[in-house]
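Each ligand, and each atom within it, is numbered from 1 in the order the structure gives. Position 1 is the first residue of the sequence, and the numbers go up from there.
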Amino acid sequence: MIKKIKTLSSFLCVLIFTSSYVFAEPKQAAIASAHPLATQAGIDILRQGGNAFDAAAAITASLAVVEPYSSGLGGGAFWLVHRSSDKKQTMIDGREKAPMRSTHDMYLDKAGNVVKGLSLNGPMAAGIPGVPAGIEHLVKNYGRLSLKQVLAPAIKQAQEGFAVTERYQKLMGYRKEVIKQYPDAAQIFLNKYDVPAIGALIVQKDLANTLITLANNGRKGFYQGPVAKQLVSSVRENGGIWEPGDLEKYQIIEREPIVVNYNGIKVTSASPPSSGGIVMGQALNILEQFNLEKLDSITRKHIVIEAMRRSYRDRAAYLGDPDFIDIPVDRLLDKNYAGGLALTINSERATPSSELSNIATIDQIGTDTTHFSVVDPEGNRVSATLSINLPFGSGFVAKGTGVLLNNEMDDFSVKPLTANAYGLVGDHANAIAPGKRPLSSMTPTFLETDDRIAVLGTPGGSRIISMVLLGVLDFAEGNAPKSWVSLPRYHHQYLPDQVQYEQGGLSDLEQTALKDKGHVLKEKNRRYGNMQAIMIWKKKGLFFAASDPRGEGSAEVFYYP
Ligand code: GLY
């Protein structure tokens with residue numbers, strides 16, 4: 001009998017060995033992005049043998065084509081990267097830079113007042129783009145395929161066109177009047193100066209050619225040669241200040257991400273020139289002083305709001321481009337400092353922001369930007385947030401290039417202590433200077449515990465940080481991506497001194513109770529954010545992915561040989 005079992009087990013061993021030899025283990029990967037065509041571009045690249053970094057480059061290029069209102073070759077991005085072979089974690093900083101002819105007061109009139117629209121519309125609003133250099137950097141330093149291979153899906157999408165959706169129409173609605181002023185943009189994105197119908201195809205032949213030049217020549221194809229010449233001359237002809245040297249000298253920088261520990265979760269996120277990692281890390285450090293899970297929903301939300309208020313206050317005071325200013329990162333993320341701030345929170349009453357400081361501000365006018373998350377079978381992962389700032393950026397396309405330029409210059413503090421388009425105030429730390437990167441709120445993030453890994457992020461202007469913060473708190477409670485991306489959202493950014501919340505973000509009871517505590521509430525007229533998230537449950541080897549129900553994105557967990 002024993003002999004029989006032995007024989008059987010060796011037979012099974014041979015069978016298992018043989019079958020695993022013949023049929024390779026299927027590989028599991030996940031992608032969540034704001035557009036199904038971009039998710040598909042990433043899937044195609046993984047199936048061709050690319051890794052998560054190749055897929056990230058392909059998704060970046062694809063989003064530049066099919067989500068022109070959110071990101072593009074004319075914009076910037078932060079790619080947070082984890083390489084499994086050596087556990088390297090880095091942030092690839094492809095943020096825009098101020099042109100060298102920028103000046104501190106370039107958006108002010110002679111009386112020192114902000115010239116309305118100058119930092120938002122047309123080529124004067126555009127920083128020097130970082131996305132094309134970032135795509136090359138990802139592929140060259142981390143990828144496995146060629147630039148030609150990873151750019152092929154985006155080139156095809158630009159040549160064949162993508163269909164207008166409700167989201168396209170809505171975002172175009174905000175920016176139509178600006179785009180109408182720029183014939184090269186209007187010709188591509190409008191239909192006879194009107195918002196195109198749902199299903200109409202947006203074909204971008206010039207953008208396809210620019211992508212082909214990038215594919216053939218690498219970053220030189222964009223930052224030097226005929227494309228660069230065309231970008232600069234078109235910007236100059238329309239009142240902008242770019243010079244050839246601005247493009248030629250643009251550099252990607254790899255920066256050490258911000259890492260904080262929140263109740264045993266390792267939180268890795270964007271470092272300056274994004275404020276995301278520091279502001280979120282500081283808020284988490286404050287919240288660690290409270291036992292949030294034990295609190296009723298009203299007290300809990302009050303405490304979270306007060307933590308947001310305090311960390312956004314420090315954003316306004318201290319944060320900017322680290323290549324230009326000294327940021328007290330260690331102090332801002334010090335647990336004792338957070339402990340001190342936590343002590344100033346009264347669980348019964350809202351702290352007026354004027355008690356922290358008194359600064360005038362304006363309201364927000366709108367937000368855009370985009371995010372994607374990707375994990376490959378080897379455990380490489382990328383969390384990337386990309387932007388051209390407001391929907392359709394500056395509204396200006398450089399003639400013959402198809403490149404829609406950003407209006408990221410508005411992310412600078414164009415006048416100290418005066419709010420930008422997101423209602424955010426800043427001071428000297430984020431003042432304009434030639435070659436400087438404007439302070440961002442983009443918060444691409446990784447979370448790690450012994451048994452779970454998460455990759456998440458979202459667009460949403462100043463509200464990006466608070467949305468990711470709420471996602472982290474939901475992860476901490478043991479929930480999965482579908483819950484993080486759907487959570488009702490609320491936000492406080494120090495100034496304006498109000499709790500903003502999306503439709504359904506606060507229940508009637510919570511609204512009444514928060515008002516009783518002294519909060520001023522402001523309901524936004526729509527739901528906001530477009531979170532794209534992935535989670536790996538290590539013990540079970542299971543992947544989960546989810547795309548925000550507020551958007552039109554797609555999240556896929558898939559297997560391939
Ligand atoms: N333009 C949005 C941000 O970078 O925060």
Side-chain angles (χ1 to χ4, degrees), residues 34 60 63-64 67-80 91-98 107 119-121 125-131 134 171 174-175 253 255 258 269-280 308 311-312 315-316 319-322 364-372 383-395 404-414 419-426 429-430 432 436-445 457-469 491 493-494 500 528-531:
T60 300
L63 288 170
E67 249 205 328
Y69 36 84
S70 294
S71 70
L73 293 191
F78 298 117
W79 295 267
L80 186 65
M91 183 184 85
I92 300 173
D93 172 358
R95 182 70 164 163
E96 296 90 337
K97 293 180 75 165
Y107 299 114
S119 64
L120 289 171
N121 307 324
I128 305 303
V131 162
L171 295 171
Y174 297 136
R175 299 292 281 161
I253 300 179
R255 301 190 192 267
I258 294 294
S269 193
S271 46
S274 178
S275 58
I278 292 183
V279 175
M280 184 170 71
M308 289 175 182
S311 46
Y312 272 89
R315 179 195 197 276
L319 301 189
D321 182 345
Q364 297 171 322
I365 63 163
T367 63
D368 222 61
T369 295
T370 191
H371 181 88
F372 69 83
S383 179
T385 312
L386 324 137
S387 183
I388 51 169
N389 204 18
L390 295 190
F392 292 92
S394 66
L404 177 62
L405 300 186
N406 68 84
N407 57 357
E408 222 76 61
M409 290 295 283
D410 190 67
D411 275 350
F412 279 116
S413 169
V414 301
N420 74 355
Y422 301 113
L424 286 167
V425 292
N430 189 30
I432 302 172
K436 191 172 173 182
R437 286 158 149 93
L439 183 61
S440 171
S441 298
M442 294 192 281
T443 314
T445 296
T458 181
S462 54
R463 292 185 289 249
I464 291 174
I465 310 170
S466 63
M467 286 187 259
V468 179
L469 173 69
H491 168 80
Q493 61 181 45
Y494 161 62
Q500 300 169 12
Y528 61 78
N530 197 8
M531 188 173 277

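For Leu404, the side chain to side chain contact (heavy atoms under 4.5 Å, CB included) partners two or more places apart in sequence, or in a different chain, are Pro68, Phe189, Ile388, Phe392, Val397.
In this structure, the side chain of Ser413 does not engage the main chain of Asn430 through any donor-acceptor pair within 3.5 Å.
In this structure, Arg463 forms a cation-pi arrangement with Tyr528, its terminal cationic atom sitting closer than 6.0 Å to the ring centre and no more than 45° off the ring axis.
Residue contacts with ligand 1 for Arg95 involve side-chain atoms from C-beta outward but no N, CA, C or O (heavy atoms, distance under 4.0 Å). At a heavy-atom cutoff of 4.0 Å, ligand 1 is contacted by no atom of Ile464, backbone or side chain. Only the side chain of Ser387 comes within 4.0 Å of ligand 1, judged by heavy-atom distances.
Here the side chains of Thr60 and Trp79 are in contact, with some heavy-atom distance below 4.5 Å.
Nearest-heavy-atom check against atom 2 (C) of ligand 1 across Asp410, Asn407, Asp411 picks out Asp411.
The atoms of ligand 1 that sit less than 4.0 Å from any heavy atom of Glu408 are 1 (N), 2 (C), 4 (O).
Considering backbone and side-chain N/O of Thr369, none are found under 3.5 Å from N/O of ligand 1.
Arg95 and Ser274 share no side-chain donor-acceptor pair at under 3.5 Å.
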